[in-house]
Amino acid sequence: MNGGLLRLREALSTINPAERNAATFILEHPEEVCTLSVKELADKSNSSQAAIIRLCKKIGLDGYKELKLRIAGDVTSISSNTQEAYHEFKYNADIPTFMKTITENNIKSLRDTLELLDKEEVSKAVELLHKANRIDFYGVAASQLIAQDAQQKFMRINKLCTAYSDSHLQLTSATTMTKGDVAVGISYSGETTQTIEAIREAKKAGAVTIAITKYGNNTLKELSDISLSISSMESSIRSAATSSRISQLNVIDILFTAVAAIDFEQSVEYLKKSRETINKTYR
């Protein structure tokens, strides 16, 4: 069991000062924290026992005991892991360095996202997508590429879905959704105006809403019925949304595969039929 340190890092910008004092101390002294009681941690971090308990709840843990268990797992993992943090690229780096840096960042993003994804939320999303009469995927810029990938996957197992690139069409589509439909908003920041407005309209029309966004509090997450969290360690320097894009694509793959597996034989037939038709027509 691990992921305690990751959850704390991801939550730093969204917690109050007392909670942040405790989180910062833990991140700076993870090994020591494994031996401290909640009272001792409160004293050492200039926080309070109540703030520490609230912090545990805010990062999705049952309490301080679980936090310590996860941190202990993190400490063990860090000692055997060669990459503890994301690396920035340098303008004068050679090609092998670029290859290694980008690959390791992507791998870390996937692993971190796996730690953050709530299994119950994923299960709910899969059930809703499986039963949906219609699915709308909303995203702009890099997130629109994720939406298009989702559309082409779910369409191949005969799910009625859209992923309009035009924000006006997204909004128009959202207003025509009804009960039994599902709207999926994709935004790394969770603050993309076009995506938020589309999700808001879809929700108003009666659709269930799902967010794929960074861990922590943001507008898209608060607005949506279900939130699937990805690692939020994307840097401003990596302006092309490299690692976050990989994590978002991975979440789509998880959802698609799980939905397809529910009606496995039928899904296989649909996938086989579409592949054969394409191969026959364009070979």
Side-chain angles (χ1 to χ4, degrees), residues 7 10-11 13-15 57-60 112-151 153-154 159-165 167 169-232 234 241 244-245 247-256 258-259:
R7 288 170 182 255
E10 301 275 348
S13 63
T14 63
I15 55 181
K57 298 296 183 183
K58 283 186 178 179
I59 62 174
D112 286 353
T113 295
L114 182 60
E115 292 292 339
L116 296 173
L117 275 175
D118 186 306
K119 296 177 181 63
E120 290 186 5
E121 292 287 275
V122 173
S123 295
K124 291 177 185 176
V126 168
E127 183 178 358
L128 288 167
L129 290 168
H130 172 249
K131 294 179 178 179
N133 297 322
R134 172 179 140 207
I135 308 169
D136 273 12
F137 295 99
Y138 309 131
V140 300
S143 292
Q144 167 56 205
L145 301 177
I146 314 302
Q148 290 181 20
D149 179 73
Q151 181 196 26
K153 282 185 168 69
F154 280 88
K159 298 299 294 185
L160 180 61
C161 53
T162 72
Y164 295 113
S165 58
S167 58
L169 288 177
Q170 289 183 20
L171 200 57
T172 301
S173 184
T175 61
T176 65
M177 299 201 88
T178 60
K179 186 176 180 181
D181 296 337
V182 176
V184 183
I186 306 166
S187 169
Y188 166 72
S189 69
E191 301 297 342
T192 307
T193 301
Q194 297 92 325
T195 304
I196 290 170
E197 290 306 314
I199 286 292
R200 182 174 283 119
E201 288 300 322
K203 191 179 183 77
K204 191 186 302 181
V208 176
T209 53
I210 299 173
I212 300 177
T213 186
K214 70 177 182 179
Y215 185 82
N217 294 327
N218 59 61
T219 304
L220 182 61
K221 177 180 179 180
E222 294 301 319
L223 185 62
S224 301
D225 299 306
I226 294 173
S227 182
L228 307 180
S229 299
I230 65 168
S231 173
S232 66
E234 193 72 61
S244 63
R245 186 193 70 245
S247 293
Q248 288 171 328
L249 285 169
N250 192 56
V251 171
I252 293 298
D253 285 349
I254 290 169
L255 295 175
F256 164 73
V259 170

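One is the number of the first residue; the rest follow in order along the sequence.
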Measuring only between side-chain heavy atoms, which start at C-beta, is [X] closer than 4.5 Å to [Y]?
| X | Y | result |
| --- | --- | --- |
| Leu160 | Asn133 | no |
| Gln194 | Gln144 | no |
| Leu220 | Thr192 | no |
| Ser231 | Leu116 | yes |
| Leu255 | Ile210 | no |
| Thr113 | Asn250 | no |
| Gln248 | Ser143 | yes |
| Ile146 | Arg245 | yes |

[atom2] on [Y] to [atom1] on [X], rounded to 0.5 Å:
| X | Y | atom1 | atom2 | value |
| --- | --- | --- | --- | --- |
| Ile252 | Ser247 | CD1 | OG | 12.0 Å |
| Ile196 | Thr219 | CD1 | OG1 | 4.5 Å |
| Arg134 | Thr176 | CZ | OG1 | 3.5 Å |
| Lys214 | Ser229 | NZ | OG | 11.0 Å |
| Glu120 | Ile226 | CD | CD1 | 11.0 Å |
| Thr213 | Tyr188 | OG1 | OH | 8.5 Å |

Identify, with sequence neighbours excluded, every residue that meets side chain to side chain donor-acceptor pair (under 3.5 Å) alongside Ser227.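 For Ser227 there are no side chain to side chain donor-acceptor pair (under 3.5 Å) partners, ignoring immediate neighbours.
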Between the side chain of [X] and the main-chain N/O of [Y], is any donor-acceptor distance below 3.5 Å?
| X | Y | value |
| --- | --- | --- |
| Lys131 | Gly180 | no |
| Thr14 | Ala11 | yes |
| Ser189 | Glu191 | yes |
| Ser123 | Lys119 | yes |

What pairs of residues pass the salt bridge (charged side-chain N to carboxylate O under 4.0 Å, His left out) test when at least one of them lies in residues 196-209, not counting sequence neighbours?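 Every salt bridge (charged side-chain N to carboxylate O under 4.0 Å, His left out) pair that includes a residue of residues 196-209, provided the two are not neighbours, is Glu197-Arg200, Glu201-Lys204, Lys203-Asp225.
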Please lay out, stage by stage, how Asp149 and Asp253 fare under the test side chain to side chain contact (heavy atoms under 4.5 Å, CB included). CA-CA 9 Å; Asp149 179 73; Asp253 285 349; 4.2 Å; yes
Set out, in order, the CA-CA distance, both residues' side-chain angles and the distance that settles side chain to side chain contact (heavy atoms under 4.5 Å, CB included) for Val251 and Ile230, then state yes or no. CA-CA 8 Å; Val251 171; Ile230 65 168; 4.0 Å; yes
Would you check, one step at a time, whether the test side chain to side chain contact (heavy atoms under 4.5 Å, CB included) holds for Leu129 with Val184? CA-CA 10 Å; Leu129 290 168; Val184 183; 4.2 Å; yes
Where is the tightest heavy-atom contact between [X] and [Y], given as atom of each residue plus distance?
| X | Y | value |
| --- | --- | --- |
| Gly60 | Tyr215 | N-OH, 4.4 Å |
| Ala183 | Ala202 | CB-CB, 3.6 Å |
| Gly185 | Thr195 | CA-CG2, 3.8 Å |
| Ala205 | Ala174 | CB-O, 3.7 Å |
| Ser165 | Gln148 | CB-NE2, 4.4 Å |

Determine whether Asn217 and Glu222 satisfy the following criterion, side chain to side chain contact (heavy atoms under 4.5 Å, CB included), listing intermediate values before the conclusion. CA-CA 7 Å; Asn217 294 327; Glu222 294 301 319; 3.4 Å; yes
Quick test of your reading of the model: are Arg7 and Glu10 salt-bridged, counting only N-O distances below 4.0 Å?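 Not counted as a salt bridge, because no side-chain N and carboxylate O are separated by less than 4.0 Å.
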Using the ring pair (Phe, Tyr, Trp, His ring centres under 6.0 Å) criterion, which residues pair with Phe154? Sequence neighbours excluded.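 Result, ring pair (Phe, Tyr, Trp, His ring centres under 6.0 Å) vs Phe154: Phe137, Phe256.
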Do Asp181 and Thr178 have a side chain donor and acceptor closer than 3.5 Å? yes
